[in-house]
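Below: the structure, in structure tokens.
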Amino acid sequence: MYDVKKSYEAAKAFYAQYGIDTDAVIKAADAVPISMHCWQGDDVEGCEVKEEKSLSGGIQTTGNYPGKARNADELRSDIETAMRFIPGTLKLNLHASYAESDTFVDRNEIEPKHFEKWADWAVEKGIGLDFNPTYFSHPKSEHGTLSSADEDIRNFWIEHGIRCRRIGQYFYERTGMPCVINHWTSDGAKEVPVDTLAPRIRLKESYDRVFEATKDVKGVIDGIESKVFGIGVESYTTGSHEFCMGYVMKANKDHIIMTLDTGHYHPTEVVSAKLSSIFTFSKNVLLHVSRPVRWDSDHVVSFDDETRAIMNELVRMDKLKDTFIATDFFDASINRIAAWAIGLRNTRKAILAAMLQPVAQMKQLEKDGDVTGTLAFAEEFKAAPVSLVWDYYCETTGKGKGLEWLDDVRTYEKDVLSKR
Ligand code: RNT
Ligand code: ZN
């Protein structure tokens, strides 16, 4: 019989050998906020009143697993259910396309009132809200948005960005917690454009205008997200890594930071290797935790080497507190509540695993020039009994040890999802 408490005591003794206090680590890992993305629940469709919901902008969901949320109420119920299985501090990350209204409201018309139900819900739950302008899945986004050569189109999306920052302030005022906004445009081209510069200059100017028009906005942090390519825009991305990094560094404003999505780089490039360079020049980073499989495929976050390497880096640099961690994946081929549970649990577990390492000791070994010892320590902790600490943590926080959550997800599927 597996005794969680007894097993935890054994793990506690293991870590105590290296001066690690597992009780304290659990507490610290539990307090790290993770922003849970709402869009896993409905395959990024959103709640806008419109005739046809189709995803565009170089991102794609594949699969048609039954039971997806069809409206905001169902989505909230699904999010609440998933949250029952996810330990630790959470925020909810919304997209502008999750506006609620009885009649059609275009993206350049959205107001805080269209998000009132979400805000009420967050206040009731005591959680913070993050936000994203939706610069995609719209008839006016087919040929670029903020970087479009068409001034009317550009103005439309600038107004959208402006309204989103004001909604961000509304979330801040309602929840009392800063709202982290992520700006990502899918602007790009299938073939290499002859003029690659003009769209980038327009994108820069558009971001400038969004920020200039909303400089009075309070309680909002803005991530600028880059990407290497998207489906249909394979050859050129206006908001490339260099563009976004340049924008953020040149802006030199505390609230404008880089967003690093783990699926947005060339397959051999890793976010874990970029973080310290960015922290050399920036105070904060917004992280989109995802899992690329060959490309930006947005698979469910895995407890894999790269996710662990990212969390190791953040812990070793003491930058966890300066990093806004958000999940970003969408799998339509499996139970969507399970997708959330697995991805969010893995993100938290990677944080816990990173904190369950004798960082000070390892830093000292390295400082002393003991490369052998440093490597030996790093390797030793890869197979340390993290899961015993994890199980104890999940059980004591009521989130279910091991796979207990899976039975509950299946019950919810039978009782609720299968009836949709
Ligand atoms: C797309 C970006 C972006 C989106 C969400 C829905 O490649 O990663 O962050 O996934 O905004
Ligand atoms: Zn992303």
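Each ligand, and each atom within it, is numbered from 1 in the order the structure gives.
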- Taking only non-hydrogen atoms of D296 and a 4.0 Å limit, the atoms of ligand 1 in range are 7 (O)
- Task: Using distance alone, with no hydrogens and no angle criterion, decide if E45 and W39 have a side-chain donor and acceptor under 3.5 Å apart.
- Result: no
- Message: I need the minimum non-hydrogen distance between R174 and V123, along with the two atoms involved.
- Response: O-CG2, 3.4 Å
- Task: Please write down residue, atom name and distance for the protein heavy atom closest to atom 5 (C) of ligand 1.
- Result: H95 NE2, 3.5 Å
- Message: I need the contact type for H37 against ligand 1. Using non-hydrogen atoms and a strict under-4.0 Å cut-off, is it side chain, backbone, both or neither?
- Response: neither
- Which atoms of ligand 1 are found less than 4.0 Å from any heavy atom of I59? 1 (C), 7 (O)
- Task: Walk me through it: do F211 and H183 pass the test ring-ring contact (aromatic ring centres under 6.0 Å, His included)?
- Result: CA-CA 12 Å; F211 292 125; H183 301 260; 5.5 Å; yes
- Query: What are the atoms of ligand 1, with element, lying closer than 4.0 Å to any heavy atom of K227?
  - Reply: 1 (C), 7 (O)
- Message: So, applying salt bridge (Lys or Arg N to Asp or Glu O under 4.0 Å) with D78, which one of R420, K68, R84, R70 is it?
- Response: R420
- among protein heavy atoms, the one nearest atom 3 (C) of ligand 1 is E225 OE1, 3.4 Å
- Which is the closest N/O/S atom of D261 when seen from the Zn ion (ligand 2)? OD2
- Purely on distance, is any nitrogen or oxygen of W39 under 3.5 Å from one on ligand 1? no
- Steps toward side-chain hydrogen bond (donor to acceptor under 3.5 Å, both in side chains) verdict (N346, S302): CA-CA 6 Å; N346 279 338; S302 167; 5.1 Å; no
- Close-contact set for ligand 1 against H288 heavy atoms, below 4.0 Å: 9 (O)
- Item | Q361, CD atom: more than 12 neighbouring heavy atoms under 6.0 Å | yes
- Any nitrogen or oxygen of H264, main chain or side chain, under 3.5 Å from a nitrogen or oxygen of ligand 1? yes
- Would you mind telling me if ligand 1 is within reach of the side chain of T259, the backbone, both or neither, using heavy atoms under 4.0 Å? neither
- Item | Angle, ND1 of H288 through the Zn ion (ligand 2) to OE2 of E225 - 10° precision | 90°
- When you measure from the Zn ion (ligand 2) to each N, O or S atom of D328, which atom gives the shortest distance? OD2
- Message: Out of all atoms in ligand 1, which are within 4.0 Å of some heavy atom of D261? Include the element for each.
- Response: 8 (O)
- Message: Taking atom CG as the centre, does D21 end up with more than 12 heavy-atom neighbours from other residues, nucleotides or ligands that are less than 6.0 angstrom away?
- Response: yes
- Heavy-atom nearest neighbour in the protein, as seen from atom 4 (C) of ligand 1, with distance rounded to 0.1 Å: D328 OD2, 3.6 Å
- Strictly by modelled atom types, are R410 and N335 linked by a side-chain donor-acceptor pair under 3.5 Å? no
- Query: So, for F329 and H288, is the gap between ring centers shorter than 6.0 Å?
  - Reply: no
- Item | Sole residue of N182, L287, I257 in side-chain contact (heavy atoms from CB on, under 4.5 Å) with F324 | I257
